[in-house]
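Please read these numbers as outputs of a predicted model, since none were measured by experiment. Labels below follow one simple rule: chain letters A, B, ... track the order of the sequence lines, proteins then strands, and each chain is numbered from 1.
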Amino acid sequence: MATGDLALGHEQSKSAVVDAQQRVVNDFSIQVATVNGSGSQSANSVLLKSIFNMGVPVSGKNLFPSNIAGLPTWYTIRASKDGYVARRKKIDILVAMNAETAREDILGLHSGSVAIYDETLNLSQYRQDVVCYPVPFDKITAAVCPEARLRKLVKNMVYVGVVAHLLQIDMSSVEAALAKQFAKKQKALDLNFGAVRAGAEYAAEHLSKQDPFLIERMNSTAGKIIIDGNSAAGLGAVFAGVTVVAWYPITPSTSLVEATIEYLKKFRVTEEGKATFAVVQAEDELAAIGMVLGAGWAGARSMTATSGPGISLMAEFSGLGYFAEIPGVIFDVQRTGPSTGMPTRTSQADLLSTAFLSHGDTKHVILLPGSVKECFEFGYAAFDLTERLQTPVFVLSDLDLGMNNWMSDPFTYPETPLDRGKVLTAEDLNRLGGFARYADVDGDGIGYRTLPGTDHPKAAYFTRGSGHNSKAGYTEKPEDYLEIMDRLIRKFDTARTLVPAPVVTGNGKASVGVIAYGSSDFAVVEALDELKKQHAVEVDYMRVRAYPFTQSVHEFVASHERIYVVEQDRDAQLASLLKLDLAADQAVKLHSILHFNGLPIDAESILTELVVKEGL
Amino acid sequence: MATGDLALGHEQSKSAVVDAQQRVVNDFSIQVATVNGSGSQSANSVLLKSIFNMGVPVSGKNLFPSNIAGLPTWYTIRASKDGYVARRKKIDILVAMNAETAREDILGLHSGSVAIYDETLNLSQYRQDVVCYPVPFDKITAAVCPEARLRKLVKNMVYVGVVAHLLQIDMSSVEAALAKQFAKKQKALDLNFGAVRAGAEYAAEHLSKQDPFLIERMNSTAGKIIIDGNSAAGLGAVFAGVTVVAWYPITPSTSLVEATIEYLKKFRVTEEGKATFAVVQAEDELAAIGMVLGAGWAGARSMTATSGPGISLMAEFSGLGYFAEIPGVIFDVQRTGPSTGMPTRTSQADLLSTAFLSHGDTKHVILLPGSVKECFEFGYAAFDLTERLQTPVFVLSDLDLGMNNWMSDPFTYPETPLDRGKVLTAEDLNRLGGFARYADVDGDGIGYRTLPGTDHPKAAYFTRGSGHNSKAGYTEKPEDYLEIMDRLIRKFDTARTLVPAPVVTGNGKASVGVIAYGSSDFAVVEALDELKKQHAVEVDYMRVRAYPFTQSVHEFVASHERIYVVEQDRDAQLASLLKLDLAADQAVKLHSILHFNGLPIDAESILTELVVKEGL
Amino acid sequence: MATATATPTGTPGPKVNRIGLPVLEYRGGKTTLCAGCGHNAISERIIDALFEMGVQPERVMKLSGIGCSSKSPAYFLSRAHSFNSVHGRMPSVATGAVLANHTMMALGVSGDGDTASIGMGQFVHMMRRNLPMIYIIEDNGVYGLTKGQFSATADIGSKLKTGVINDLPAIDTCAMAIQLGATFVGRSFSGDKKQLLSMLKAAVAHKGTVMLDVISPCVTFNDHEGSTKSYKFMQEHDEPINELGFVPSFEEIDIEYDAGTTTDVTMHDGSSLRLRKLREDFNPTDRVGSVRTLMEAHENGEILTGVFYIDTAKPTFTDLLNLVDRPLGTQPESVTKPSAAVLQKVMAGLQ
Amino acid sequence: MATATATPTGTPGPKVNRIGLPVLEYRGGKTTLCAGCGHNAISERIIDALFEMGVQPERVMKLSGIGCSSKSPAYFLSRAHSFNSVHGRMPSVATGAVLANHTMMALGVSGDGDTASIGMGQFVHMMRRNLPMIYIIEDNGVYGLTKGQFSATADIGSKLKTGVINDLPAIDTCAMAIQLGATFVGRSFSGDKKQLLSMLKAAVAHKGTVMLDVISPCVTFNDHEGSTKSYKFMQEHDEPINELGFVPSFEEIDIEYDAGTTTDVTMHDGSSLRLRKLREDFNPTDRVGSVRTLMEAHENGEILTGVFYIDTAKPTFTDLLNLVDRPLGTQPESVTKPSAAVLQKVMAGLQ
Ligand SMILES: Cc1ncc(C[n+]2csc(CCOP(=O)(O)OP(=O)(O)O)c2C)c(N)n1
Ligand SMILES: Cc1ncc(C[n+]2csc(CCOP(=O)(O)OP(=O)(O)O)c2C)c(N)n1
Ligand code: SF4
Ligand code: SF4
Ligand SMILES: [Mg+2]
Ligand SMILES: [Mg+2]
């Protein structure tokens, strides 16, 4: 099965259907198997939100092909009363809407799970140990949707109704979700709600509940929002006052820019209808980052967003940004590489090459958001940092975080004023009588700059990627070059103190520590809870949030005997950066737990490895 | 002074002129300060070869600006009876031909050194502790060169004569050098030799030897050749049967391709006048590497050569080469970065970014030649390796190695047949009935490929940078992806066993080891000799010659207590790769000695650091 | 099908072509593009053209960049080697491949985004080199695979489904190709079976860069009202500038030739391409005139199709390189590795 | 100098221009280019033009790529910010800079290698966007800084000092720029002081992309017999297609205007550009005709100079973006950072 992990064959046990009296409440996962381009996305998101509206913590993951229409797609919804939102390997309820994969899909289920499918598929033939609910989808759809060309779409809502009924989700929750989805489109709302009801009615009349899975009302989602990481990051950028956006479309970063554009259009047009921003669809990623640097140099808060191949194309310009010390924010929503790789699968494998992106002793500052909330916060903070540090700042998210919907606390308004960094005005220059662009006046490695247009005869300086001295003059002198290069290291050390510090959980007394970052967080948290539950072992956990690493990372490693570095790549890239940063006698403590098959990491995989490695 | 290291102010001691009776024979350095574009290059190379012809080991380094004409240039010649050819910080003899830098140049000298200069410069005013030889260059030149427009050039030969006389270089040695330089151009030869003689005669008549420096005939250069690393590498490629060369000019790699082209024109045109090669000046480096991969895929031995900015531009395609497993050789003649940096200064700072060039878990095989001989050998071996391993192979040289002239033993003919790697023919396919392009048939991680044009209906396969299975079919399946990624790691491990092993010197019993690579070798060897001489300390020395590291690197580290990693970059990139490769308890032994001001590393700098770090 | 010959015996086997292959041997994998996508129709025509021309599948190299269009090579000619490279950089890969083996036919498929946006630099330089290959742009005015953003061939004023209007001028890849040095330049429409098939067959017979811009509607993102690359718009606006009559070398030419209305071109392999003028005064061998015609048509909002320019005399890039006959990629060691004596001579010269 | 006004008092100070600055304030660092390099002459003309037009140096942004030519911004206008970026990618940097501050004048200097080889992709797209800036190609047909390899503007048949002959067609950057959407396109010669100065002054007055290809001989690598970009060759072959009379907005126009022989263009800032025809039937407001004329001249081996195309009406890229007046880069936080209430509303919508 395309959506399961490697080793997971189906465990077809002979043991019969589970006792329906045994209740599994608010803790299971649903997988909807469809065909992409068939419009199942809104149905899935209605289902997700219906559960959310029941107050039950929920998460959704879309597993789609790099293709526009006609290929298999899976959408997984996890309801978790404990609030776990990572991917779960085990599927409890299958909605098999894709004839092509249906057989494989049902064969992948564990014993005691549930399958809902079109009756013509006759899936019960394959599994006696799975609760089967055949549904005549086409018939039900035809009855509620007279217009034939809409039926393909509307059919998806029928399964929402069936599932809602079987899980005992309140119709009012579904209706509220639908109302939001179809906002002001009453006709569409009616049609779709009709389909949902028809599905539910069919289920009520013809399906007798034989499975244990139920949604019961809780109060764990009140006040929460649902958003994807890309929208959150775009929102952060807009609140950071981004003014120039240059980009080139690439999955999975496209929606980050598209969300940014939507927000800009809404919130950043003056009363006279003028734009306080410029968005350029560049001709490629080389141009996109060139524009970002040109704009950053001339004083704009500028950004681009891309993914692996685009990051590679930005290598030369990134080095220019580093050496000429120009601000600019680059979002990298990571997908699976190398090369084109699997564009619709997630990964954390750009970390190392981004840290050293460009030839010749270049090093970059990287932010690592670990939730949609941090996508917003770092999407904002990246702009302060890039202008403060006068160096490109990369924000590494990933497909899982960026393109999937996540529950979150609402975002907090960033009250502090924008930090525009060390910029000299004409008045400053009058006072100072001039300035040396690349001199380390304050000892933090950061020079003062002026913006083009500053009305002072001594404002101008010459920006170049070639050798320059502290006055921005051209040089090939060894001592001038050394001065700049050493200062850049000082600046990098300043960055250490300015980037978001890691988040640590645990009582700090465990002998074992875990380090992870980004979207791995959800699975790590769950795995550590399980470790405690199943093995009574407590570990401390540090989620790093930026490169270069802050001092606390060193302290965390120093205060533990063994450190497991969990990440979603093959080459242990986070562990590598740690190894390079840590004293060697500390680096010896690092052990890697890697997950890199393109699917989001899950708690079970981590737990298994931890247990083996710790010999539990 | 632009050519000295940072701390090196002039040590103007009051102590008077050195006793001329004290003789310093075949062990000193000469620096000629000129203006670029003034044609001093041939004069300098005649001077170099004259000493070579005296049987004295010699090396020359050109320190030139990133500019075409009119700026200061320095050429340093080191004569060393002991055969040391690294840069030497100390200049013993200055030939000051550039009025603009003359004052600074002489102020940079140590006490007891020598200055030869145009009499109008009146340099003796600046230094009483330097032996001064003023020469009326223009007058001498005018007398031997009636044609005014040639005088600027011919003037340079006058200083050759002056120096030759002062150092007691045989005129026959100079004449032989000139004869070679001007090959079949008798008129130019006569004119230039006239100038040399006039210089020598002037010196004989008007300058009384007051310095101790002398060249005496030895027999240490017999059978040796003089060549630059770029020509040597080009020669290696031509003997490896390179058929497609795609490039874009960039200093300091341009001369590698230009040499290749010359050799190809000479040795690779058929009797009918047809070319057995294709050279394309591409529109940029992205295109150059694209052509290399296209050609490698279609069966050609293909190459490109570039430097830092070009390497960065090749990032995306390099990942494709890695993941789609396509051969191709990329020479990177390193210059000083980041960004445009100092294009005419040397560096080893592309190592780390090249090792991980491209996003998403990409890793590359890199060869690290340490002499002109190895430029030839690795220029050859890279093609065998890239076809054997079916992955791009990078050869990292540097400006110092690539553009300067070096003495060497003649190159040995590579007798083994070309290794074209695992390629299936139509007959093979008949026998096998088909093949799976990316299957690990032999357990070494390397699959079998076919070339376009193979006349068999089952020969074709689909090459892509997107997810593929062992049969080269498109896939997004986790298990297929894992299979390929794991095999690529196996292949990388195979590479470890195939790349050139390190060269180790020392008796293996020392507690201290030194690791270095590339052009640092010359300075390291000298430094270690001095360490032994001055401090009676012996250390073992391993020169690594490739990445990934062979097993012997691990063993070398394991068998020493402290390891000093000497390299020419700021960020300790070789040490970083070692740290990532070594077990952490071994990595703890590594200490860095870094040199990164753009000038070639010298023994004194290494020695000083070793002494300090070892507490000697 | 004119070029197919009957199977020797009377058995009712599948129709085969002049090299004895049935059309099945020219097919590829099942398409994963959207139903109705113009690109699929182009794949079909490529299959037909290669089948009818009797091209040996193993003698073809398929090359592409990234995009829906660039996936197409998977959907035809499975028996040919294929290289799906990176976005916008297929021309360089093709150049390398052609240099390694200039005896094969190189067939490149790109998209308008792949060519006119990210790929512009390499496109220009490939055209300039007149690299012998067929380069097809499957042109839908949008980036299909990334869900419908405008590409640089989108016409000014054309509208996305989201209502966004393109305010930048379209790049006319045909006018550029002619100006830069390509020697066979045409435009067609994926919905015009006949024209496209003839054009492709002629392309197979040409030596030099064939640049074909084929309007190929994206049914998912650019086939609506307001699009200038939709089926409907093309059906209404397609203005053929000439009518193609292609007669391959292995067939008899039997039609009469009228210099006034027809341009008759003898192709490199002896095939004949007859271009019947549908527009007075248009001459497909006149570079300047062709570019002028294209620019004028563009200003008038007309979409011309047909063969705009053909030059069968200009040397190709591989001609200029003066290559040996046998492919560089398979030259034996005896040819490519100089002898020990040669090395000795070089060494002697350096002493 | 027509545009300079005398200093107010009778003291014999240096001549100053209309904003009271002497020409000295328009100079830059000492050139490090070869003596006689055409690029130096262009720098001088830029200095003259900006001085005569009375441009405030602080209101200019200088941009360049990499090459001898791209070094030039260091040799004029020290009082202006300058960005010497990476090879071939100046257009994107300029685009970003102009977006960040569209109130300034952007002046880019590139080389033929920087533009027509590595930079082709970005060049094409900048022209297409009609980005408001002056883009100068200092065109010597070779890569000067890397010691004399042919660039893509080298003419077919031209010869290097080493004897190597260029066998690929030259790219005509002017024809391309016109076709793609630039709105002021001309060619000049670094040795033609008068023409180049007028052209640069007019360029300052234009709003939109000004693309000037200035033939600028490389004395070190491409000024020999056999070069088509040498001083001698240009002196012999330079064929002005029109004569420029530029009258800045702050001066009286006093010359008579004859529609038959002159095209009179009122520029954005009120200046006037008079183009006296030196060729019958050439009309610099006719895109198609201009491209045709350039292509024809090229085929005949003629080197035309002059203003080939001008359009003062077409909206620029910043017009299309509908930007606020004040530069984006210096918008206050109150404008760019939405309020807490806005965030609350967004959050509410996501619940
Ligand atoms: C370097 C890089 N940037 C961006 C992408 C994302 N991408 C994939 S296809 C595509 C556009 C394809 O458009 P087009 O060439 O017109 O093909 P179509 O899908 O319309 O047929 C883009 C931008 C990529 N794969 N690589
Ligand atoms: C990415 C990259 N590739 C190559 C180079 C080397 N390089 C520097 S200048 C130059 C060519 C410059 O030619 P042109 O633009 O015509 O300028 P000119 O020197 O002739 O004025 C090249 C190839 C570089 N700096 N960066
Ligand atoms: S999205 Fe458009 S271009 Fe892509 S396959 Fe579908 S119809 Fe074709
Ligand atoms: S090399 Fe040529 S282009 Fe460069 S400065 Fe000298 S003359 Fe000018
Ligand atoms: Mg497209
Ligand atoms: Mg040039």
Side-chain angles (χ1 to χ4, degrees), chain A residues 35-39 41 64-73 100 152 230 246-259 261-262 265 278-290 305-314 333 335 337-344 403, chain C residues 30-37 39-40 64-71 74-75 83-89 93 111-124 140 142-154 160 162-164 166-168 171 218-223:
Chain A
V35 163
N36 75 336
S38 66
Q41 245 171 313
F64 58 106
S66 175
N67 169 278
I68 299 305
L71 291 188
T73 305
E100 208 184 306
K152 199 178 100 183
N230 281 347
W247 72 301
Y248 189 72
I250 184 166
T251 308
S253 71
T254 301
S255 61
L256 194 160
V257 177
E258 285 174 345
I261 294 171
E262 285 314 305
K265 281 187 184 163
V279 179
V280 194
Q281 185 183 310
E283 56 272 30
D284 65 10
E285 291 87 349
L286 285 102
I289 188 169
T306 188
S307 190
I311 282 288
S312 282
L313 287 174
M314 293 180 184
V333 187
R335 66 190 213 185
S339 193
T340 302
M342 300 195 292
T344 59
M403 288 191 71
Chain C
K30 184 169 167 285
T31 179
T32 61
L33 303 179
C34 303
C37 175
H39 304 350
N40 285 331
S64 64
I66 297 286
C68 294
S69 32
S70 293
K71 287 181 177 184
Y75 315 135
F83 195 144
N84 181 197
S85 66
V86 292
H87 193 30
R89 322 287 176 189
V93 174
D112 43 318
D114 197 62
T115 290
S117 300
I118 191 170
M120 185 45 79
Q122 298 208 343
F123 174 75
V124 164
N140 53 20
V142 291
Y143 298 172
L145 194 52
T146 55
K147 306 205 157 190
Q149 302 82 5
F150 279 125
S151 81
T153 68
L160 285 188
T162 57
V164 175
N166 177 38
D167 53 14
L168 293 176
I171 291 177
C218 170
V219 291
T220 305
F221 299 111
N222 206 14
D223 197 32

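In this structure, no portion of A:Pro309 lies under 4.5 Å from any heavy atom of chain C. Only the side chain of C:Cys68 has a heavy atom closer than 4.5 Å to any heavy atom of chain A. For C:Thr32, the parts lying under 4.5 angstrom from a heavy atom of chain A are both the backbone and the side chain. Interface remark: A:Ile250 contributes backbone atoms only to the contact with chain C (heavy atom separation under 4.5 Å). Only the side chain of C:Ile66 has a heavy atom closer than 4.5 Å to any heavy atom of chain A. Only the side chain of C:Phe221 has a heavy atom closer than 4.5 Å to any heavy atom of chain A.
Side-chain contact between C:Gln149 and A:Gln281 is present, with at least one heavy-atom pair separated by less than 4.5 Å. Within the 4.5 Å cutoff, no side-chain heavy atoms of C:Lys147 are placed close to those of A:Glu258. Counting heavy atoms from C-beta outward, C:Ile118 and A:Leu313 have side chains that approach closer than 4.5 Å.
Looking at residues two or more places apart in sequence or on another chain, you find a ring pair (Phe, Tyr, Trp, His ring centres under 6.0 Å) between A:Tyr248 and C:His87, C:Tyr143. Partners of A:Ser307 by side chain to side chain donor-acceptor pair (under 3.5 Å), not counting sequence neighbours: none found.
C:Gly144 approaches A:Ile68 most closely through the heavy-atom pair O-CD1, 3.6 Å. Closest heavy-atom contact between C:Thr146 and A:Thr254: O-CG2, 4.5 Å. Minimum heavy-atom separation, A:Ser66 to C:Lys71: O-NZ, 2.7 Å.
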Any chance you could lay out the side chain to side chain contact (heavy atoms under 4.5 Å, CB included) test for C:Val86 and A:Ser339, step after step, and finish with the verdict?
CA-CA 8 Å; C:Val86 292; A:Ser339 193; 4.2 Å; yes

